[in-house]
Amino acid sequence: FRAPFDDTDADLIIHTSDDAKFAVHKIFLTVASTLLKRFLLSGPSSPCPPFEGLFLTRDASRDTIKLAEDAQTTERVLQYCYPFSNPVFTSLDDVQAVLEMMRKFGMKGLMNRVKGALVQQAFLDEHPLRVFAIAYRYGLEDEGRIAAKYTLRQSFFAPYVKELEHIPASVYHRLLQYHR
C-alpha cells in the first residue's frame, strides 16, 4: 500500500492483476459508479450482475476485490474517484486503459473528466487517427471532431493503427470523406 491508498480505516482492498493492493473507501467508488455501488453494497443473496474479471471476497475486517486490471490503470482511475488532482498521462495507451476501466464500471461522469487528457497537443500532433478512434469508441464526440481536424495534417491514407479495430468501417469511411 502507498499513499493515499494506504488508509488503515479503509473498508475495501483492491487487489490488481499484477499483485498491487490499494486500501480504499467504498464510498468514493459507489459515488463514481452506480454499477460498483450495486456490486459492493449487495448482500450475498442479492442478484447483482457479475463483472468480467472482478471477484469480491468478504471477511470480518474488510472486503477485497480482485481486478483483472493492472496497478497503474487502477491507481489512475482511483485518482479520479478520490478528490485529488487528476493523473498526468504520457501515452495514449494509458488514457485508453483508464477509459476502458471506467467504461467497464459505468463511470461515465469520470470519463468526461479524462477526455481532456485524450486531446493533449502532443497526442493530437503525433497520433490524431488514434485519438479519433479512441474518442469515437468511448463516445467523446467533441474530442473526435478535434482529432478529425488534426488527421487532415496527415496523408490521406495514414498508417494503420490498432484502435481502428474498435470503430465501424462506416466511421472511418466518413473520416476519409472528410479528407476530400
Side-chain angles (χ1 to χ4, degrees), residues 1-6 14 16-18 20 22 24-25 28-36 51-53 67-180:
F1 303 109
R2 67 180 184 168
F5 305 112
D6 59 351
I14 296 179
T16 64
S17 63
D18 51 354
F22 298 89
V24 299
H25 295 274
F28 291 113
L29 299 178
T30 60
V31 169
S33 167
T34 56
L35 296 174
L36 280 175
F51 287 103
E52 183 178 329
L67 293 178
E69 287 78 15
D70 64 22
Q72 181 177 336
T73 301
T74 301
E75 183 171 17
R76 286 184 170 146
V77 170
L78 289 173
Q79 287 173 330
Y80 278 102
C81 293
Y82 273 67
F84 303 130
S85 63
N86 296 336
V88 174
F89 293 96
T90 57
S91 85
L92 276 174
D93 290 334
D94 293 343
V95 175
Q96 187 167 218
V98 166
L99 286 168
E100 180 58 25
M101 186 174 179
M102 288 177 172
R103 183 208 54 80
K104 175 181 175 179
F105 294 117
M107 299 174 164
K108 185 69 174 170
L110 294 183
M111 289 175 73
N112 286 329
R113 290 178 45 208
V114 177
K115 63 187 179 184
L118 181 61
V119 290
Q120 290 179 46
Q121 193 63 51
F123 296 157
L124 289 169
D125 289 340
E126 293 291 320
H127 308 287
L129 183 57
R130 289 185 67 201
V131 172
F132 173 82
I134 293 167
Y136 180 85
R137 180 180 185 188
Y138 294 104
L140 305 173
E141 292 179 19
D142 292 340
E143 290 69 24
R145 283 188 201 95
I146 292 167
K149 290 177 184 172
Y150 276 81
T151 65
L152 294 173
R153 298 177 181 186
Q154 292 184 334
S155 72
F156 189 67
F157 289 103
Y160 174 81
V161 294
K162 65 184 181 221
E163 288 80 9
L164 289 174
E165 295 176 14
H166 300 286
I167 67 170
S170 60
V171 170
Y172 185 64
H173 178 75
R174 285 195 304 269
L175 180 64
L176 293 177
Q177 293 293 93
Y178 182 63
H179 273 251
R180 289 183 155 185

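Rounded to the nearest 0.5 Å, atoms CE (M111) and CG (L118) are 10.0 Å apart. A distance of 5.0 Å separates CG of L67 from OG1 of T74, quoted to the nearest 0.5 Å. Separating the CD atom in Q154 from the CG atom in L129 is a distance of 6.5 Å, to the nearest 0.5 Å. Interatomic distance, K115 NZ to L140 CG, rounded to the nearest 0.5 Å: 6.5 Å. One distance of note links CG of N112 with CE of M102; it measures 10.0 Å at 0.5 Å rounding. For the atom pair CD of E126 and OG of S91, the computed distance is 13.0 Å after rounding to the nearest 0.5 Å.
Nearest heavy atoms, V24 versus F5: CG1-CD2, 3.9 Å. Minimum heavy-atom separation, P83 to F28: CD-CE2, 3.5 Å. A pairwise comparison of heavy atoms in L92 and H127 identifies CD1-CB, 3.6 Å as the closest pair. Closest of all the heavy-atom pairs between V131 and A147 is CG1-CB, 3.6 Å. Nearest approach of Q79 to P87, heavy atoms of both residues: OE1-CB, 2.9 Å.
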- Message: Between D125 and R153, does the side chain to side chain contact (heavy atoms under 4.5 Å, CB included) criterion hold? Intermediate values first, please.
- Response: CA-CA 9 Å; D125 289 340; R153 298 177 181 186; 3.7 Å; yes
- Task: With side chain to side chain contact (heavy atoms under 4.5 Å, CB included) as the test, would you mind laying out the steps for L36 and M107 before giving the verdict?
- Result: CA-CA 9 Å; L36 280 175; M107 299 174 164; 3.7 Å; yes
- Task: List the steps, then state whether side chain to side chain contact (heavy atoms under 4.5 Å, CB included) holds for I167 with F132.
- Result: CA-CA 10 Å; I167 67 170; F132 173 82; 4.2 Å; yes
- For the pair R137 and Q96, evaluate side chain to side chain contact (heavy atoms under 4.5 Å, CB included) and give the outcome as yes or no after the intermediate values. CA-CA 10 Å; R137 180 180 185 188; Q96 187 167 218; 3.4 Å; yes
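Residues M101 and R76 are not in side-chain contact: their nearest non-hydrogen atoms beyond the backbone lie 4.5 Å or more apart. Looking at T73 and T16, their side chains never come closer than 4.5 Å, going by heavy atoms from C-beta outward.
T151 places a side-chain N or O within 3.5 Å of a backbone atom of A148 that can act as its donor or acceptor partner. Checking side-chain atoms of S17 against main-chain N and O of A68 turns up a donor-acceptor pair under 3.5 Å. The main-chain N or O of F105 is found under 3.5 Å from a side-chain atom of S33 such that the two form a donor-acceptor pair. With Y82 contributing its side chain and H25 its backbone, the two residues share a donor-acceptor pair below 3.5 Å.
Judged as a side-chain hydrogen bond (donor to acceptor under 3.5 Å, both in side chains), the pairs with a partner in residues 138-150 (not counting sequence neighbours) are, in order, E100-Y138, Q121-Y150, D142-R145. Listed by first and then second residue, the salt bridge (Lys or Arg N to Asp or Glu O under 4.0 Å) pairs that reach into residues 160-180 are D93-K162, R130-E163, sequence neighbours excluded.
Under the 30°/60° scheme for interplanar angles, the aromatic rings of Y80 and F89 are found to lie parallel.
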